[in-house]
**Q** 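Just dropping this structure here.
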Amino acid sequence: MANNNLVRLQKFMAECGVASRRKSEELIEMGKVKVNGHVAHIGDKINPKKDIVAVRGKKITKEERMYYIMLNKPRGYVTTVSDELGRKTTVMDLVDCDARVYPVGRLDKDSEGLLILTNDGSFANALTHPKHNYAKVYRVTVRPSVNDEILEKMRNGIEIDGRKTAPCDINIITEEEGRVVLEFILREGRNRQIRKMCEAVGLQVARLKRISIGPVKLGMLQTGKTRRLTDNEVHKLLRSSNPATQEENSKK
């Protein structure tokens with residue numbers, strides 16, 4: 001008879017706020033995780049009520065309280081819990097929280113704006129699931145200038161790293177000689193996607209700032225500051241990341 005108390009190890013680690021499920025799997029593969037004193041393997045399941053899980057020699061436990069934090073990330077900070085290169089400017093230096101939270105998704109070192117951190121593994125997994133379709137909005141300053149041909153190429157999809165980007169919305173916000181501010185609305189999240197798209201059409205990105213994720217907006221939050229997401233914002237994010245809910249709403 002199946003034991004309903006068993007859960008996948010990486011799921012438990014994510015719920016404990018160690019890292020996302022994907023990153024937790026990497027830690028398991030690296031041999032950094034032990035269950036009851038034995039090195040764990042991908043595919044292992046544990047009983048949270050009985051088994052002892054340690055990451056890098058430290059026992060982990062599930063947080064009773066869930067935290068959902070918005071950060072206005074400054075440029076120059078890397079989006080990692082700990083930086084392997086020894087740089088001290090990680091986004092965790094800006095977050096004052098009793099629980100062990102971690103970033104949901106990434107912004108590269110030279111980008112800024114809205115970043116969400118949490119210790120809720122289920123919430124993080126819902127937001128990063130490949131099937132989600134919520135829009136992320138970016139304010140991007142490019143040089144030297146754009147024309148209709150360039151905009152249409154990027155809107156229709158640019159081949160980067162051997163794969164074409166999904167269609168997206170791009171609007172001109174302001175335009176002056178040698179400088180244009182664009183609004184990108186993306187529904188996929190690939191590594192340095194906007195920068196690579198711009199590079200492919202001969203544009204230089206001078207500034208890149210994420211201003212919203214789905215229904216949650218950065219608003220007037222100051223650079224380098226954090227605030228807790230409201231219950232309403234958390235619920236809206238979960239609804240907007242649920243494909244079934246999106247399909248239902250589209251029929252209304």
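Residue indices begin at 1 and follow the sequence shown.
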**Q** Going by heavy atoms in the side chains, are R190 and I160 under 4.5 Å from each other?
**A** yes
**Q** Is any side-chain heavy atom of R210 closer than 4.5 Å to one of L107?
**A** yes
**Q** Looking at side-chain heavy atoms only, is the closest gap between I194 and Y138 below 4.5 Å?
**A** yes
**Q** Heavy-atom count around E199 CD within 6.0 Å, excluding the residue itself: above 12?
**A** no
**Q** Any donor-acceptor pair under 3.5 Å linking the side-chain atoms of S111 with those of D108?
**A** yes
**Q** Take K23 and E26 through the salt bridge (charged side-chain N to carboxylate O under 4.0 Å, His left out) test and state the conclusion after the steps.
**A** CA-CA 5 Å; K23 184 64 177 178; E26 292 177 6; 3.5 Å; yes
**Q** If you count the non-hydrogen atoms of other residues, nucleotides and ligands that lie under 6.0 Å from CD in E176, is the total more than 12?
**A** yes
**Q** What I'd like to find out is whether the side chain of R75 reaches to under 4.5 Å of the side chain of K109, using heavy atoms alone.
**A** no
**Q** Can you list the residues that meet the salt bridge (Lys or Arg N to Asp or Glu O under 4.0 Å) rule with K209, with sequence neighbours excluded?
**A** none
**Q** Look at atom CG of N147 and say whether more than 12 heavy atoms of other residues, nucleotides or ligands are closer to it than 6.0 Å.
**A** yes
**Q** Are K73 and L94 side-chain neighbours, meaning at least one heavy-atom pair lies under 4.5 Å?
**A** no
**Q** Quick one, I52 with K59, criterion side chain to side chain contact (heavy atoms under 4.5 Å, CB included). Give me CA distance, side-chain angles, the key distance, then yes/no.
**A** CA-CA 7 Å; I52 297 174; K59 179 182 175 182; 4.1 Å; yes
**Q** Is it the case that atom CD in E152 sees more than 12 heavy atoms from other parts of the structure closer than 6.0 Å?
**A** yes
**Q** Apply the test side chain to side chain contact (heavy atoms under 4.5 Å, CB included) to residues T118 and M66: give CA-CA distance (whole Å), side-chain angles for both, the deciding distance (0.1 Å), then the verdict.
**A** CA-CA 7 Å; T118 187; M66 296 295 105; 5.7 Å; no
**Q** I'd like to know if the side chain of N119 and the backbone of R65 have a donor-acceptor N/O pair within less than 3.5 Å.
**A** yes
**Q** Measure the shortest side-chain to side-chain distance between V234 and L237 over non-hydrogen atoms and say whether it is less than 4.5 angstrom.
**A** no
**Q** Should the heavy atoms of other residues, nucleotides or ligands under 6.0 Å from NZ of K196 be counted, would the total exceed 12?
**A** yes
**Q** Any donor-acceptor pair under 3.5 Å linking the side-chain atoms of Y67 with those of D120?
**A** no
**Q** Is there side-chain contact between P103 and L117, with at least one heavy-atom pair below 4.5 Å?
**A** yes
**Q** For a side chain to side chain contact (heavy atoms under 4.5 Å, CB included) with L151, tell me which candidate from R155, K153, E149 qualifies.
**A** R155
